[in-house]
Amino acid sequence: MSASSKPDARRNASPYLYGGEAAAVARVLESGQYGHSDTTEHFERRVADFLGVPDAVAVASGTAALHLALIAAEVGPCDEVIVPSMTFCATVQAILAVGATPRFVDIDPATLCVNGQLVMDAVGPHTAAVIPVLFGGRPVDLTAVRGALDEQGVVVIEDAAHAFGSRNGTRRVGTSEALTCFSFGPIKNLTCGQGGMVIPRMPKDADTIRRLRLLGVGQSQSERSNATTYRVDGFGLRYQMSSLNAAIGLVQLDAFDTTERTRRALWRAYRRALAGLEGVRLVDVDPDQAVPHLCQVRVPNRDRVFADLRARGVGVGVHYPPNHLQPAFAQWRRPLPATEQVAEEILTLPFHQHLTEDDIDQVRAALGQALTAAGGVPCARS
Ligand SMILES: *Cc1c(COP(=O)(O)O)cnc(C)c1O
């Protein structure tokens with residue numbers, strides 16, 4: 001990409017294209033096959049091979065992936081789903097979409113993720129599933145409580161929207177016994193423009209999700225094109241991934257080694273740059289394991305620091321306002337001290353592949369100035 005078309009490095013997030021995406025989309029446009037097609041199935045195969053899993057099912061978005069995973073896990077009305085309040089609202093909306101109830105839980109403030117203890121403390125007679133959120137790309141290892149969850153019939157559905165490519169030990173996220181849901185939205189580690197993927201636990205999940213994503217129609221494309229009718233086997237939604245989106249994903253997947261390396265290097269550059277800055281605590285994504293999706297810090301006087309950095313043109317953000325404090329989810333509110341505390345402190349710094357180490361040094365300098373201006377945090381060297 002030429003320097004003149006480089007997006008503003010100070011943006012909070014930005015997709016990164018490798019150059020072949022436009023031509024790949026053009027080829028699909030010329031083919032006339034825009035919907036679910038061989039291109040979508042090819043992308044599924046390639047993702048499954050990349051992760052080292054038997055199968056992967058492409059869908060329209062990360063939210064659709066979570067919704068379909070919950071249906072495949074037979075979660076429904078009267079069921080409770082354990083979910084951290086500290087997540088994007090999509091996670092909660094997927095729970096409501098199946099008529100289930102969110103049981104909001106607290107997080108470890110150091111990682112912004114749940115752990116086995118926090119999950120087990122929330123398990124009750126109506127718990128049907130738990131959705132750990134792999135915040136910032138960080139793997140969440142529930143192996144230690146896996147047996148206890150199995151015993152209680154609690155299904156694990158990973159919200160890995162931030163975590164495509166991350167590892168848990170030697171294996172990629174998506175290879176555990178959980179149902180894993182990825183998002184390929186515009187700013188995720190791998191983008192299809194829009195899209196998502198479910199990694200099924202077993203062939204039955206995959207069959208269910210493949211039927212659900214195509215309006216409940218059971219036959220294959222070729223069976224249907226040779227018949228005068230089609231067969232609706234059950235409930236379904238318009239949730240397939242278009243070939244236009246899959247074509248983008250295929251190009252992104254080819255370049256994922258570079259994505260992985262770049263995102264890790266940039267996150268570590270931030271860690272080095274921020275090390276001497278008093279009052280700033282970096283949220284650890286475990287970059288030896290994760291393909292980092294966000295770079296977050298915790299700071300005092302966050303609202304003032306946020307406003308000051310915005311005024312300086314630095315694209316800071318807040319991921320996320322807690323869900324248990326949202327008006328729509330008020331009936332499931334409960335005190336969550338760690339979440340409420342970190343919600344006042346978290347600040348997301350610009351993090352995307354257009355950044356250079358120079359940009360990171362500039363963000364660091366602006367952050368130091370903003371902290372001083374916001375009230376009395378002495379800055380070591382800014
Ligand atoms: C992006 C995201 C989703 C939803 O994915 P979409 O592709 O935008 O539908 C779900 N959970 C988290 C944590 C996300 O960041």
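Whatever order the structure lists ligands and atoms in, that order sets their numbers, starting from 1.
Salt-bridge formation is not detected for the pair E357/R268: no Lys NZ or Arg NE/NH1/NH2 atom is positioned less than 4.0 Å from an Asp or Glu carboxylate oxygen.
In this structure, a donor-acceptor pair under 3.5 Å is present between the side chains of N245 and S242. For the residue pair Q296 / Y270, no side-chain donor-acceptor distance below 3.5 Å is found, with atom types taken as modelled. Side-chain atoms of S243 and T39 include no donor-acceptor pair closer than 3.5 Å.
Just one of I199, V155, V156 meets the side-chain contact (heavy atoms from CB on, under 4.5 Å) condition when paired with L179; it is V155.
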Pairwise, report which nitrogen or oxygen atoms of ligand 1 are under 3.5 angstrom from protein nitrogen or oxygen atoms, and how far apart they are.
| residue | atom | partner | partner atom | Å |
| --- | --- | --- | --- | --- |
| ligand 1 | 5 (O) | S183 | OG | 3.3 |
| ligand 1 | 7 (O) | G62 | N | 2.8 |
| ligand 1 | 7 (O) | S183 | OG | 2.7 |
| ligand 1 | 9 (O) | G62 | N | 3.3 |
| ligand 1 | 9 (O) | T63 | N | 2.8 |
| ligand 1 | 9 (O) | T63 | OG1 | 2.6 |
| ligand 1 | 11 (N) | D159 | OD1 | 3.3 |
| ligand 1 | 11 (N) | D159 | OD2 | 2.7 |
| ligand 1 | 15 (O) | H162 | NE2 | 2.9 |
| ligand 1 | 15 (O) | K188 | NZ | 3.1 |
| ligand 1 | 15 (O) | Y320 | OH | 3.2 |

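Between H67 and Y239, the ring center distance clears the sub-6.0 Å criterion.
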